[in-house]
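Heads up: the structure comes next, in structure tokens.
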Amino acid sequence: PKPSSAASDVYKRQGWRIYRDRSQRHPWLAGSSDRDRSERRGLSGGLCPERAAMKPLEPDKIAWAVHIACLLEVCADKPGNVTWGKDFWDIRFVDFMVSAVAVGPALRDAPAASIGETVLRAVRDTRRFVRTNTNLGMILLLAPLAKAAGLGHPQGLRAGVSEVLRALTVDDARLAFEAIRLASPGGLGKAGRYDVRGAEVDITLREAMHLAQDRDTVARELSLIHI
């Protein structure tokens with residue numbers, strides 16, 4: 001609706017433009033054809049974003065994405081969790097900020113390493129600066145994403161992540177279990193089979209996560225494959 005003359009005078013005094021053409025108000029609509037809109041919806045032969053070919057992402061861009069994701073996660077206001085202006089007696093908001101930077105090198109190099117190696121390196125690097133677990137779940141979830149993004153995939157990121165998860169090995173499980181023990185997350189509990197504290201590991205990381213999916217949301221994510 002057209003603003004009142006009084007409102008228009010206020011807007012003009014503030015230097016705001018009231019009336020703009022269609023492309024300025026909604027630039028994503030300007031010049032859009034039916035085919036353009038269909039492709040964005042994945043219709044009429046258009047490619048869904050998750051199926052579009054993905055070129056390998058540059059290592060620095062992977063690290064930036066990891067830093068930003070970790071910072072945004074801790075800045076989100078979540079009841080019962082550390083966030084901006086809400087510290088715990090044993091862990092502070094700044095610890096999460098430091099951790100977000102600490103994991104960068106390991107995840108930057110994820111395309112050239114195994115998932116287990118990336119997870120363990122990221123946890124070790126975090127422990128150099130922080131003595132309490134701040135990011136184990138983030139590391140476990142970001143490692144496959146970082147590796148898939150760095151490798152690229154003709155069917156997109158989701159298919160690339162699925163391929164990475166399919167390729168998880170027993171050695172990945174052994175290294176990830178070591179990382180979990182080092183991070184020592186609260187409420188870890190003890191499993192009857194394939195407990196992370198056990199010395200012997202003879203299943204892949206994805207198999208281990210599948211066994212733990214009913215009691216751990218991160219394990220549930222890693223145990224699933226979506227294509």
Side-chain angles (χ1 to χ4, degrees), residues 42 47-76 78 81 96-127 130 133-180 182-183 185 196 204-213 216-227:
L47 294 175
C48 294
E50 64 192 36
R51 294 285 186 176
M54 179 181 181
K55 295 180 179 180
L57 198 62
E58 298 172 11
D60 283 346
K61 290 183 178 180
I62 294 174
W64 296 338
V66 167
H67 294 324
I68 293 170
C70 292
L71 290 172
L72 290 177
E73 192 279 333
V74 71
C75 287
K78 303 178 293 298
N81 289 269
F96 286 85
M97 296 181 67
V98 170
S99 300
V101 177
V103 299
L107 291 162
R108 181 185 188 278
D109 298 337
S114 72
I115 294 298
E117 290 169 339
T118 298
V119 170
L120 181 56
R121 178 184 172 189
V123 170
R124 283 175 172 168
D125 289 346
T126 301
R127 296 293 284 188
V130 181
N133 173 46
T134 54
N135 56 10
L136 175 62
M138 293 285 287
I139 292 170
L140 288 167
L141 292 172
L142 288 172
L145 285 169
K147 186 175 181 69
L151 295 176
H153 197 281
Q155 293 184 334
L157 180 60
R158 178 171 292 187
V161 171
S162 297
E163 195 168 288
V164 168
L165 293 177
R166 282 197 185 95
L168 292 173
T169 65
V170 173
D171 195 51
D172 287 322
R174 181 181 62 80
L175 295 173
F177 281 16
E178 183 179 348
I180 293 171
L182 179 60
V196 296
T204 69
L205 180 57
R206 182 169 176 266
E207 290 171 334
M209 292 299 163
H210 180 75
L211 292 174
Q213 66 175 324
D216 187 271
T217 55
V218 172
R220 186 178 307 124
E221 289 293 326
L222 291 176
S223 67
L224 300 177
I225 290 182
H226 302 284
I227 295 182

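You'll find the side chain of Leu71 reaches within 4.5 Å of the side chain of Met97, heavy atoms only. When side chains are defined from C-beta on, Val161 counts as touching Leu145, because their heavy atoms get closer than 4.5 Å. Two residues are said to be in side-chain contact when any heavy atoms from C-beta on lie closer than 4.5 Å; Glu221 and Thr217 fail this criterion. Side-chain contact between Asp109 and Arg121: present, with at least one pair of heavy atoms (C-beta onward) separated by less than 4.5 Å. For the pair Ile139/Thr126, a side-chain contact is recorded, criterion being any heavy-atom separation below 4.5 Å from C-beta on. Val103 has its side chain out of reach of Asp125: every pair of non-hydrogen atoms, C-beta onward, lies at least 4.5 Å apart. Between Asp172 and Thr169, some side-chain heavy-atom pair lies under the 4.5 Å cut-off.
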* Asked: side-chain contact (heavy atoms from CB on, under 4.5 Å) between Leu175 and Val119: does it pass, once the steps are laid out?
  -> CA-CA 8 Å; Leu175 295 173; Val119 170; over 6 Å; no
* Given side-chain contact (heavy atoms from CB on, under 4.5 Å), test Ser99 with Val74 step by step and report yes or no. => CA-CA 11 Å; Ser99 300; Val74 71; over 6 Å; no
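Here the closest heavy-atom approach between residue Arg206 and residue Leu165 is recorded as CD-O, 3.7 Å. Residues Ile62 and Ala149 come closest through the heavy atom pair CD1-C, 4.4 Å. What you find for Met209 and Leu222 is that their closest heavy atoms are CG-CB, 3.9 Å. Annotation for Ala159 and Gln155: closest pair CB-CB, 3.7 Å, computed over non-hydrogen atoms. Of all the heavy atoms in Ala219 and Asp216, the pair that sits closest is N-OD1, 2.8 Å. Of all the heavy atoms in Ala173 and Leu205, the pair that sits closest is CB-N, 3.6 Å.
Checked by atom type and distance alone, the side chain of Lys147 never pairs as donor or acceptor with a backbone atom of Gly160 at under 3.5 Å. Without hydrogens or angle criteria, His153 side chain to Met54 main chain gives no donor-acceptor distance under 3.5 Å.
The OG1 atom of Thr134 sits 8.5 Å away from the CZ atom of Arg127 when rounded to the nearest 0.5 Å. Note that CG of Leu151 and CG of Leu57 are 11.0 Å apart. Values are rounded to the nearest 0.5 Å.
When only modelled atom types and interatomic distance are considered, His210 and Glu207 share no side-chain donor-acceptor pair under 3.5 Å.
Crowding of Lys61 atom NZ: a count of heavy atoms from other residues, nucleotides or ligands under 6.0 Å not exceeding 12.
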